[in-house]
2 protein chains.
Amino acid sequence: MKLITRDTDYAVRALCYMAKRRDEVVSVTQLVKSLKIPQPFLRKILQTLNQAGILESQKGVGGGFKLARPSGDIYLFDLIRVFQGDFELNECMFKKKLCPNRTTCSLRERLEVIEKYAVSQLEPVTIAELVKER
Amino acid sequence: MKLITRDTDYAVRALCYMAKRRDEVVSVTQLVKSLKIPQPFLRKILQTLNQAGILESQKGVGGGFKLARPSGDIYLFDLIRVFQGDFELNECMFKKKLCPNRTTCSLRERLEVIEKYAVSQLEPVTIAELVKER
DNA sequence: TTTAAATGATACCATAACAGTATCATTTGT
DNA sequence: ACAAATGATACTGTTATGGTATCATTTAAA
Ligand code: FES
Ligand code: FES
């Protein structure tokens, strides 16, 4: 039961690293030296971020990736959305989304409260924030 | 990313049903008629609860299950523990539990806050509570 | 102009968790 | 004896997770 998967976590680390070198193009090879992440996996992650418009890429020798926008405009939730889909702790709970008990189920209400809290906590987090804090 | 799996959810429903008929032995067949849960699956769930000491069973004709203790003493967390293991939204995040970034990672702190909140919300919930509320 | 360093695009793979099913054995009330 | 119930256990299908592996393409620099 985890809130954050490996993809997302790795992405956060890589983006933090890049945020500290803004506008500098960083290659996967470089990144892998600092962050201990398997190369091909990190590569896939960065390509995904590129397709999602969070990174920009430059091909060829001396190429690599850089942030597509200021680190303060890259939200943790953007990454979660990319790698994990919508943030839902609820997802109640029957084949094709229709749970008969929705109206009566009080468990559901409690889960919703938790989800709301989690969202409120995570929503404001940006890469800039995370970099600043260390 | 769900907090509660099907097992747990089904268990909650079944236990609520049984809580309303305290000390009455209820068979899986009966339960399945009210709750829309696949029979063999529910059976497995109840057997597990039996082994966990949450239910008592009676074999043979007219047999079935009943609560092993008052519904106010059966906590949602008991069920979560049985079907999902420890409640951890964190589980950081590296092969054999040792994440190098633990000290510096500020993401972690945020997740911990959320986890604490979730626990505080779910901890007091008992079957009795859930029955009462509908 | 060749070469090497980089990404692009895809396909593949291994493991585990999740959500069940299926069987056979045993107990027990009638 | 029989049928209704649980006990025990093994099996199965699907999806998510956490990756690898390949081949193609771009590009800077020798
Ligand atoms: S069981 Fe579906 S809403 Fe709670
Ligand atoms: S990445 Fe391991 S504690 Fe945050």
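From a predicted model like this one, the values you see are computed outputs, not experimental measurements. Here is how names work: the chains are called A, B, and so on, in the same order as the sequence lines, proteins then strands, and each is numbered from 1.
With dA5(D), dT21(C), dG8(C) as the choices, the nucleotide that has an atom nearest any side-chain atom of Ser27(B) turns out to be dA5(D). Taking every side-chain heavy atom of Pro40(A) into account, dT20(D) is the closest of dT20(D), dG18(D), dT21(C). Closest approach to the Phe65(A) side chain among dA5(D), dA19(C), dG8(C) is made by dG8(C) (side chain taken as heavy atoms from C-beta onward). In the set dT6(D), dG18(D), dT7(C), dT7(C) carries the atom at the smallest distance from any side-chain atom of Val28(A). Listed candidates were dG7(D), dG20(C), dG19(D). Nearest to the side chain of Arg6(B) is dG20(C).
One interatomic measurement links the two molecules: CG of Leu31(A) to P of dA5(C), which rounds to 17 Å at whole-angstrom precision. For the pair Leu3(A) CG and dT17(D) C1', the computed distance is 16 Å after rounding to whole Å. Protein atom CD of Gln51(A) is 11 Å distant from nucleotide atom C1' of dT10(C), rounded to whole Å. To the nearest angstrom, P of dT7(C) lies 9 Å from CG of Leu42(A). Between Met1(A) atom CE and dT17(D) atom P the separation is 14 Å, expressed in whole Å. Taking atom CD of Gln39(B) as the reference point, atom P of dA22(C) lies 12 Å away to the nearest angstrom. Rounding to whole angstrom units, CZ of residue Phe41(A) and C1' of dT7(C) are separated by 18 Å.
A donor and an acceptor atom never sit less than 3.5 Å apart when one is taken from the side chain of Arg43(B) and the other from the base of dG20(C).
A salt bridge is defined here as a Lys NZ or Arg NE, NH1 or NH2 lying under 4.0 Å from an Asp or Glu carboxylate O, and Arg110(B) with Glu129(A) meets this definition. Ionic pairing of Asp9(B) and Lys2(B) is not present here: no N-O contact between side-chain nitrogen and carboxylate oxygen is shorter than 4.0 angstrom.
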Between protein and nucleic acid, restricted to nucleotides 27-29 of chain C and to nitrogen or oxygen atoms under 3.5 Å apart, what atom pairs and distances do you find?
from: dT27(C); atom 1: O4'; to: Lys59(B); atom 2: NZ; distance (Å): 3.4
from: dT27(C); atom 1: O2; to: Gly60(B); atom 2: N; distance (Å): 3.4

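Paired with Val25(B) under the rule side-chain contact (heavy atoms from CB on, under 4.5 Å), one option of Met18(B), Lys66(B), Glu56(B), Gln30(B) passes, and it is Lys66(B).
DNA chain D contains the following stems of three or more consecutive Watson-Crick or G-U pairs, with both distances under 3.5 Å: C:1-30 with D:1-30.
Positionally, the nearest nucleotide of DNA chain C for Gly63(A) lies more toward the 5' end than for the other of Lys44(A) and Gly63(A).
Scanning all heavy atoms of the two residues, the minimum distance from Leu130(B) to Cys16(B) falls at CB-SG, 4.0 Å.
The cationic group of Arg81(A) does not satisfy the cation-pi geometry with Phe77(A), failing either the under 6.0 Å distance to the six-membered ring centre or the 45° limit from the ring axis.
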